[in-house]
Amino acid sequence: MRPDRPEFRPDPALSRAEMEELQRDIAEAAVFTDDLDFDPDDVSLDGPADADASGNERLVASDAPVIVGVDQAFLDGRAVSAVVAIQDGAVIERAHAVSPLSIPYIPGLLAFREGGPILAAFEELSAEPDLAVFDGSGRIHFREAGIATHVGVILDLPSIGVAKSLLCGEPREAVDDRPAGWSTPIEAGPNVEAPDGTVIGHAYQSRQWDRSQSINPLYVSPGHRVSAATTVKLVDALCAGYKLPEPTRLADAYADEVKAGYE
DNA sequence: GCGACAG
DNA sequence: ATCTTGTCGC
């Protein structure tokens with residue numbers, strides 16, 4: 001897949017002030033409303049719905065959306081970036097890239113460390129994705145430009161961010177011990193460069209134990225061309241009984257697999 | 001100065 | 001993120 005807006009590439013050599021300024025440009029170019037080329041209701045992890053009288057799937061290309069999960073593994077000073085594409089829940093392609101890392105992890109500037117390596121993996125992908133699921137935040141970011149938003153804008157690809165912990169913003173309600181399916185808005189507060197109260201994402205409880213131990217919720221947010229409400233709906237449809245959505249789990253496993261071959 | 005901070 | 005054994009529970 002080719003970068004649509006190469007001028008937004010996250011250059012690790014930029015100064016901190018330049019990085020932050022680029023993020024404000026990314027946020028301005030980002031679309032936080034639904035502009036998808038598919039119906040969110042068509043997202044499913046089950047096989048094609050239509051089959052002939054004998055129950056066999058039709059021998060034609062599916063028109064179901066192609067969704068990619070993006071994740072990374074690390075070794076020494078390198079990143080193993082993995083992109084796994086699925087359609088109707090089945091893997092149709094896997095692509096990866098191994099790239100040197102030039103800067104350390106800095107909260108708020110993750111895209112400048114991992115964005116380039118991720119774009120390299122996308123260039124190895126031949127499938128044409130309809131949606132990308134990133135491990136990290138999208139709009140839930142100090143300047144509304146987390147890695148899901150940054151990469152989504154560069155590729156002009158609808159994207160969402162799925163983070164395991166909250167970077168910034170304020171949950172409207174306490175998030176502890178919630179049942180599966182529950183969600184609450186994450187609103188912009190003093191740390192976010194957006195009008196106070198702006199809904200920048202949601203805490204979403206994708207899984208929960210029946211008793212005893214409790215699982216923390218996921219923090220999901222729009223990357224590009226997806227609304228906050230649809231983001232929750234998509235993540236819900238992409239989860240299969242585990243805390244993390246399937247695209248993310250598959251990408252995580254593939255990244256580990258590739259990494260294992262390098263050591 | 002102090003606290004908070006995706007992966 | 002990564003380094004890592006055991007352990008609780010269905």
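Below, chain A is the first sequence line, B the second, and so on; all start at residue 1. Model, not experiment: these values are computed from the prediction.
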| message | Tell me whether A:D41 is salt-bridged to A:K233, with the criterion being a basic N under 4.0 Å from an acidic carboxylate O. | response | yes
| Rounded to the nearest Å, what distance is computed from the CD1 atom of residue A:I160 to the C1' atom of nucleotide B:dA6? | 15 Å
| query | So what does A:S137 hit on the nucleic acid, given a heavy-atom distance under 4.0 Å: a base, only sugar-phosphate, or nothing? | reply | base
| query | At under 4.0 Å between heavy atoms, what does A:L218 touch on the DNA or RNA strands: base, sugar-phosphate, or nothing? | reply | nothing
| task | Using a cut-off of strictly less than 4.0 Å, decide whether A:S165 has a side-chain nitrogen or oxygen near OP1 or OP2 of B:dC5. | result | no
| query | CG of A:L244 versus P of B:dA6: gap in Å, rounded? | reply | 16 Å
| field | side-chain hydrogen bond (donor to acceptor under 3.5 Å, both in side chains) assessment of A:Q205 paired with A:R178 | value | CA-CA 7 Å; A:Q205 195 75 46; A:R178 299 298 190 170; over 6 Å; no
| field | Pairing of A:D156 and A:R225 as salt bridge, 4.0 angstrom limit | value | yes
| So what does A:L75 hit on the nucleic acid, given a heavy-atom distance under 4.0 Å: a base, only sugar-phosphate, or nothing? | nothing
| For the pair made of NZ in A:K259 and C1' in C:dT2, what is the distance, rounded to whole Å? | 6 Å
| Common cluster, A:L234/A:V199, ILVMFWY with side-chain heavy-atom separation under 4.5 Å | no
| Sugar-phosphate only, base, or nothing, as touched by A:A73 at under 4.0 Å among non-hydrogen atoms | sugar-phosphate
| remark: From CD of A:Q208 across to P of C:dG9 the rounded distance in Å is 16 Å
| task | Just call it for A:Y105: base, sugar-phosphate, or nothing, with non-hydrogen atoms closer than 4.0 Å on any strand. | result | base
| request: Using atom CG of A:L101 as one end and atom P of C:dT2 as the other, report the distance to the nearest whole Å. | output: 12 Å
| request: Round to the nearest Å and state the distance from A:H150 atom NE2 to B:dA6 atom C1'. | output: 15 Å
| request: Rounded to the nearest angstrom, tell me the gap between atom CD in A:E114 and atom C1' in C:dT2. | output: 13 Å
| request: Find the distance A:F142:CZ to B:dA4:C1' and express it as a whole number of Å. | output: 7 Å
| message | Heavy atoms only, 4.0 Å cut-off, all strands: where does A:Y219 land among base, sugar-phosphate and nothing? | response | nothing
| Phosphate OP1/OP2 of B:dA6 contacted by A:K164 side-chain N/O (<4.0 Å) | no
| So, for A:I200 and A:S221, which heavy atoms are closest and what is the spacing to 0.1 Å? | O-CB, 3.3 Å
